[in-house]
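Naming: A, B, ... by sequence-line order, numbering from 1 per chain. Keep in mind that what you see is a predicted model, and the values were worked out from it rather than measured.
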Amino acid sequence: MTIQITLQQQAPHLAPLSISEVLPSGVCIGVYGPSGSGKTTLLRGISGLSRISGTVQVKDAIWQDENHFLPAHERRAAMVLQSPGLLPHRTVTGNIEFALGFNKRAKPGLLDSILADFGLLPLRDQRADTLSGGEQQRVAMARALAAQPDVLLLDEPLTGLDDEARQTLLQVLMRLKRSGTTCIFVSHSAYEQALLADHLLIMDSGAITKSGSAEQVFAESPPTAALGRELGVVIDDIPVVENVDGLAVVEKDGLRIQLAAGAPPGSSVSIRVRADDVSLTEKSETHSSIMNTIPAVIRAQSSYPDSPFTLVELDASGTRLFARITNAASSKLKVRAGGQVYAQMKAAAITSF
Amino acid sequence: MTIQITLQQQAPHLAPLSISEVLPSGVCIGVYGPSGSGKTTLLRGISGLSRISGTVQVKDAIWQDENHFLPAHERRAAMVLQSPGLLPHRTVTGNIEFALGFNKRAKPGLLDSILADFGLLPLRDQRADTLSGGEQQRVAMARALAAQPDVLLLDEPLTGLDDEARQTLLQVLMRLKRSGTTCIFVSHSAYEQALLADHLLIMDSGAITKSGSAEQVFAESPPTAALGRELGVVIDDIPVVENVDGLAVVEKDGLRIQLAAGAPPGSSVSIRVRADDVSLTEKSETHSSIMNTIPAVIRAQSSYPDSPFTLVELDASGTRLFARITNAASSKLKVRAGGQVYAQMKAAAITSF
Amino acid sequence: MSVEDLQALWLTLKLATSTTFILLVIGLPLSWWLVRSQSVAATVVNVLIALPLVLPPTVIGFYLLIAMGPTGPLGALTSSTGLAPLAFSFPGLVFGSVIYSLPFVIQPLQAGFASVPQSVLDASNTLGAGSKSLLLRVAIPLSQRAVVVASVLGFAHTVGEFGVVLMIGGNIPGETRVASVQIYDHVEALDYASAHQLSLVLVIFSLVVLTAVYRVWGRSVFTQPRHSSA
Amino acid sequence: MSVEDLQALWLTLKLATSTTFILLVIGLPLSWWLVRSQSVAATVVNVLIALPLVLPPTVIGFYLLIAMGPTGPLGALTSSTGLAPLAFSFPGLVFGSVIYSLPFVIQPLQAGFASVPQSVLDASNTLGAGSKSLLLRVAIPLSQRAVVVASVLGFAHTVGEFGVVLMIGGNIPGETRVASVQIYDHVEALDYASAHQLSLVLVIFSLVVLTAVYRVWGRSVFTQPRHSSA
Amino acid sequence: RLAVASNFKTTMEALVEAYEREPQDEFQIISGASGVLFSQILRGAPFDIFFSADTDKIERLDKQNRTYGESWTYAIGRMALYTPGRSPSSFLESNDPTDSIALANPRHAPYGAAGAFWLSTHLRSGKPVRYVFGGNVAQAFHYVQSGNTSAGLVALAQLINEEIRPDEYVALPVDEYPLIEQRAAVLNQPNCALTTKFVRFLHSDEAAQIIQRSGYETVDMKR
Ligand SMILES: Nc1ncnc2c1ncn2[C@@H]1O[C@H](COP(=O)(O)OP(=O)(O)OP(=O)(O)O)[C@@H](O)[C@H]1O
Ligand SMILES: Nc1ncnc2c1ncn2[C@@H]1O[C@H](COP(=O)(O)OP(=O)(O)OP(=O)(O)O)[C@@H](O)[C@H]1O
Ligand SMILES: [Mg+2]
Ligand SMILES: [Mg+2]
């Protein structure tokens, strides 16, 4: 099951676009690129909001080709625009019901389960125009899901939100992605892409300059570029075995990591470790304040062109980690595939959700 | 010379506000707080765009008190709103000339110097409505400066920009702040506040919950909160003494740091070191991949309430650094004021501008 | 006030109400189409709707009368479909008033629809709302005030209309003699007292309606909302 | 076409041009004020401007005539200031037309001004632009198309106006006998050929003007820009 | 239904009232400019008798076979020179350059044509005066009445109806201007007894008296 998109637009007064991609479905496809690179234009083309010539096929359904053009409301896509676009005169429930009204497959109870999923139960009867920005974005996403689309199109849904609201919604989206919803997620935040994208498209001037698994695209980005800096791994659902004063210990297959998190023992958390936060050492005892010193085997190393850095891929008790160190350090530690090292990371540098 | 602001608004259909502050002038005052906390309301009150009762005095000028209310266009304030609000039918030059037209103190040549400062010379004759988002924001700031205001009011000027454009504008703003322009900078990005704010106000529900030097407010924020995570130091203008393959060595008063930067020897850069990226060690030789191991004296240490972390303030050859380590590590290393340690930070973790 | 005055007022009310109703039924979808269409046809329709403005109403009435006459196209239509002729009948008045007041309804509606945020329309569109749903469930609820202003303008203009109505209505008491014609008759007959009286009734009625409408909804159509919500 | 027809057309052109000019001079600041003011006064003015709509034009003309007479307030004003009386004069026609066409100019202008983004106004305001500068240098340039539509509606409505003009103009050839009155006269005199001819000239002229205007600027007043620029 | 030229409306009301043999509301008086009524009759307006303000329109209807039976002259309009606030003679003698005179449009209003003729033959050639034309004789009357013109050639009927002081006007002798003949005709509509009866009443002396009292001349109906 794939998504095939071939869209071409090249006219004086239109946004340029020139795309031909076959993308996996059931995953989150990130679209990253500078302002004006055509990200919104692409989403509008896929959704049918803009009429761009080409073919769009989502799984078995042909949304457009040379002969047919399914209008936006007949495509099983739902788009969350950068501005939430709620119906201001309706309540939260009313907005979700609006979407349910067009969804013939909706089962009874869907409304309540969506309200619950997005933490909207306490706001259910509040008018949309009295909600704060973050709440509005949440309703917009809830509403899009109520349409049970084959593809969820998200155009920078987290921009303009404050840190807290953004973090909350990121977690909602991460849950969504894990549930197998196909979504196309536009964002020029490398951080958000690092957390969400399974497959990443990089756009520039209306064309896709890079397409591949998110990990690969991150790894191949220059280490000082925004994308490169956010390279790292997300380790889902590790059980918390201990928690003292907010310093949690998580453990999985012998991999033991300490980090700041409120989660009590017995629960589990997802954690993210950036390559820039991992250093390597030859000995396990280092007289350092760094709390995590994890034995690992070097799987691979690669150096970047025109850059003083080397990327090291590690296997820590079966879990993959990345470390980015300087070429100089790499020589000093004689890093080579198969070598045995200790990966170090500060407890303070690990984020958890 | 201070800025005194006392504003009170409490009515059913108005944004609540209750402020009474005396702020330093000539510096950048950051305003931080969640969505809906009244940041925009505060700026609108100061600028006179909204009529909020109270007094506003900027240096010698009384902008409003019980008896007088200077309308917005007579206040020597210029505001950059979140949406740039350029005159779409005018060119870049035309927009700046619009502001110059109201600035009686403008000297000839100001236009060109502003265009140059903001890198707008190549765009000078382009119509505002054909500019990209980032360019528009740059023009909006340039235009506000053309008014030569006593106070520059910036309402989330960097939101919605892509990483590159944001970084460029951040640097423009950092230059501006170093030049002694008084500005009030609203942003709910802790990162931006960390780079720009000299004095920080934290707002919630229309009131100021915290006010103090930015360093102090950052240091006192919980280490897992957005603000706390961005605690660090910015070291301005350190000369680059060496650059091999993009690994630059900067040196100042014996403090020697390696980092990734393109700047050639002879130039100078500003660097930022986050507390979360600094670890401490007892010995200088650590068999680690970490490139920077800097001798430092512990000036102070403080632990956070309900948190597993300790904040350590260091003096590295006269330059202040912060390190955030766990309480456990602190005991292990026997951290105490006056103690001698080595501060370690990865070259990849240091950002430069 | 005479029985005839009251009758005329009642007729005016009936005419204005029916006309406003039909104006909305036609005007809402038409304006919606005009706002959304980029076609040449939309321009043509926009121009045609505005055309009645440049001719004196009496002259428009005159041409409508010719069209409604047995030899005119409308007359041919009504007689071939077995309907009663339009001239000198209440339906004819309604028809003429609709033609004549259409621009005053179309204009505010277009302005109202155009100010529905594109983001709301686009989002609703991808959720499954087609053009009709967008009009009924999004555009109209979000342009409530424009709809009210359009109704008021259409209503008021129909109340004041006179040239067209006099010409195609035939001034028949109880059937086509509306208040405006009645006032005109009073003036022509030098019956100033009755003219003043009836004018006053109309003006006061309009004052009340307009004030209420502008106060409650109308002004905000033109005034920016303080918060650009949703 | 007779010399008198041409004279009437010329007079119409003169009247419509002067009226439109004055309508803009009054309408621009007035609409600006109405859009920005939250006061009760603004509501009252809005209602007063709309009032002429509900009375038949002839009746409005009749009341204007009374007001312009020696005992009326306007008459008293003109005689005390030493001006020529307004009735039966070209200035009087212009005055009447302005009153009568004002709502058609105010309405699109208000809609236009209301759609100037608040952010542009606020930013300009803090840069030093007071209300007057905002109107002249921000609101009007940004509402160009609304200004054009307002002018066209005002112009067209003045061209077609007839009841008021006939009443207060006195049908004086070369002075107050405009094309609409001339057409009416032709119809009254059963000179249908001349009436058709003159109507046709007016309609074609209007068609050309309206099409040009709607094509070039007008539509976009009602159509959303594709890009919400600046 | 009676379609009546506006100037005759009040008189017709008096006539209908006098004709009380049937309930009054059997008659509807529809007044309007003769031209408008004429156009409407051509397009099938449901009128039974048409009282035009002139003869021309009745003749045209005749030619188009739209009338039933003979048409007749139901009244002859009388014109008066109305000079509010002073005497007509003082107006005629004065040399005030601001003097103006209102009359109905000579092109299509009978009173206008008559008035124009009278002025061209009876006005002192040197007298400065400005002409102002009303759409019909009623508008001409408004012009004078509201003080916007200093004099007006109006219908005597209007002055009588408005009870204007006799020293402010002078009724002009009928032979000083072309006859303002007002003709009426029964229209080609399904006829009924009521119409016939009313037409007969209009030819009666009683009706003639009412018409004359209102300020019109009548012709000898029995002729
Ligand atoms: N109607 C149009 N006419 C001309 N150019 C257009 C039009 N619409 C969009 N563009 C241009 O096409 C390019 C792509 O626009 P698009 O909105 O898709 O960018 P984006 O990647 O979504 O940017 P952002 O991150 O700022 O949202 C931009 O340069 C834009 O100026
Ligand atoms: N006219 C109004 N009537 C009622 N409430 C209002 C009004 N204007 C603003 N508010 C409310 O006042 C609060 C403060 O609004 P303000 O725009 O100042 O927040 P902010 O801190 O700038 O938020 P953001 O980060 O989202 O821009 C919000 O809760 C808002 O909903
Ligand atoms: Mg976009
Ligand atoms: Mg804000």
Side-chain angles (χ1 to χ4, degrees), chain A residues 33-37 82 132-134 156 159-165 167 188-190 223-227 229 244-247 258 260-262 275-277 279-283 286-291 306-309 312 323-330 332-333 335 344 346-349, chain B residues 33-37 82 132-134 156 159-165 167 188-190 223-227 229 244-247 258 260-262 275-277 279-283 286-291 306-309 312 323-330 332-333 335 344 346-349:
Chain A
S35 184
S37 57
Q82 190 168 333
S132 86
E156 309 193 15
T159 312
L161 299 181
D162 65 86
D163 293 324
E164 222 118 318
Q167 207 57 39
H188 41 46
S189 157
T224 49
L227 221 47
R229 297 186 69 87
V244 182
D245 271 352
L247 191 70
Q258 295 186 50
D276 279 349
D277 289 329
S279 54
L280 302 181
T281 159
E282 291 166 335
K283 301 191 181 165
T286 57
H287 313 284
S288 159
S289 65
I290 299 177
M291 296 298 284
D306 305 322
S307 154
F309 289 106
V312 183
R324 184 149 42 212
I325 61 177
T326 57
N327 296 336
S330 169
K332 175 183 154 199
L333 297 184
V335 168
Q344 289 198 309
K346 297 189 65 183
Chain B
S35 186
S37 57
Q82 190 169 333
S132 86
E156 309 193 17
T159 311
L161 298 181
D162 64 85
D163 292 325
E164 221 117 319
Q167 206 58 37
H188 40 48
S189 157
T224 49
L227 221 48
R229 298 186 67 87
V244 181
D245 272 350
L247 191 71
Q258 295 185 49
D276 279 349
D277 290 329
S279 53
L280 302 181
T281 160
E282 291 167 335
K283 301 196 183 159
T286 56
H287 312 284
S288 159
S289 65
I290 298 179
M291 296 298 284
D306 304 322
S307 154
F309 291 105
V312 184
R324 184 150 43 212
I325 61 178
T326 56
N327 297 334
S330 169
K332 173 182 157 203
L333 298 184
V335 169
Q344 289 196 310
K346 295 190 64 183

Practice problem: Locate the shortest heavy-atom distance separating A/A347 from B/F309; write the atom from each residue and the value. | Solution: C-CZ, 4.2 Å
Quiz prompt | Between B/L280, B/T159, B/V335, B/I290, the one whose heavy-atom pairs under 4.5 Å with chain A are most numerous | solution = B/L280
Quiz item: For A/A329, what residues pass the side-chain contact (heavy atoms from CB on, under 4.5 Å) criterion, not counting sequence neighbours?
Solution: A/I325, A/T326, B/S289, B/M291
Practice problem: Search all heavy atoms of A/A275 against all heavy atoms of B/K346 and return the closest pair with its distance. | Solution: O-NZ, 3.4 Å
Quiz prompt | Greatest number of heavy atom pairs closer than 4.5 Å to chain B - which of A/A349, A/A323, A/P34, A/A328 | solution = A/P34
Self-check item: A/E282, part contacting chain B, at a heavy-atom distance under 4.5 Å
Solution: both
Practice problem: Under 4.5 Å heavy-atom distance to chain A, tell me which part of B/S37 shows up: side chain, backbone, both or neither. | Solution: neither
Exercise. Taking all heavy atoms of B/A348 and all of A/R229, pick out the closest pair and write down the distance.
Key: O-NH2, 3.6 Å
Quiz prompt | Which portion of A/L333 sits near chain B, non-hydrogen atoms under 4.5 angstrom | solution = side chain
Quiz item: Relative to chain B, which of A/A261, A/A225, A/A226, A/S35 shows the most heavy atom pairs under 4.5 Å?
Solution: A/S35
Practice problem: Any chance you could measure B/D245, atom CG, to A/S307, atom OG, to the nearest 0.5 Å? | Solution: 8.0 Å
Quiz item: Can you name the salt bridge (charged side-chain N to carboxylate O under 4.0 Å, His left out) partners of A/D277, sequence neighbours left out?
Solution: A/R274
Quiz prompt | Leading residue by heavy atom contact count with chain B [cutoff under 4.5 Å; candidates A/H287, A/Q167, A/Q258] | solution = A/H287
Quiz prompt | Top contributor to chain A contacts, counting heavy-atom pairs under 4.5 Å, from B/S330, B/G246, B/S288 | solution = B/S288
Quiz item: What are the two closest heavy atoms between A/T224 and B/A260, and how far apart are they?
Solution: CG2-CB, 3.7 Å
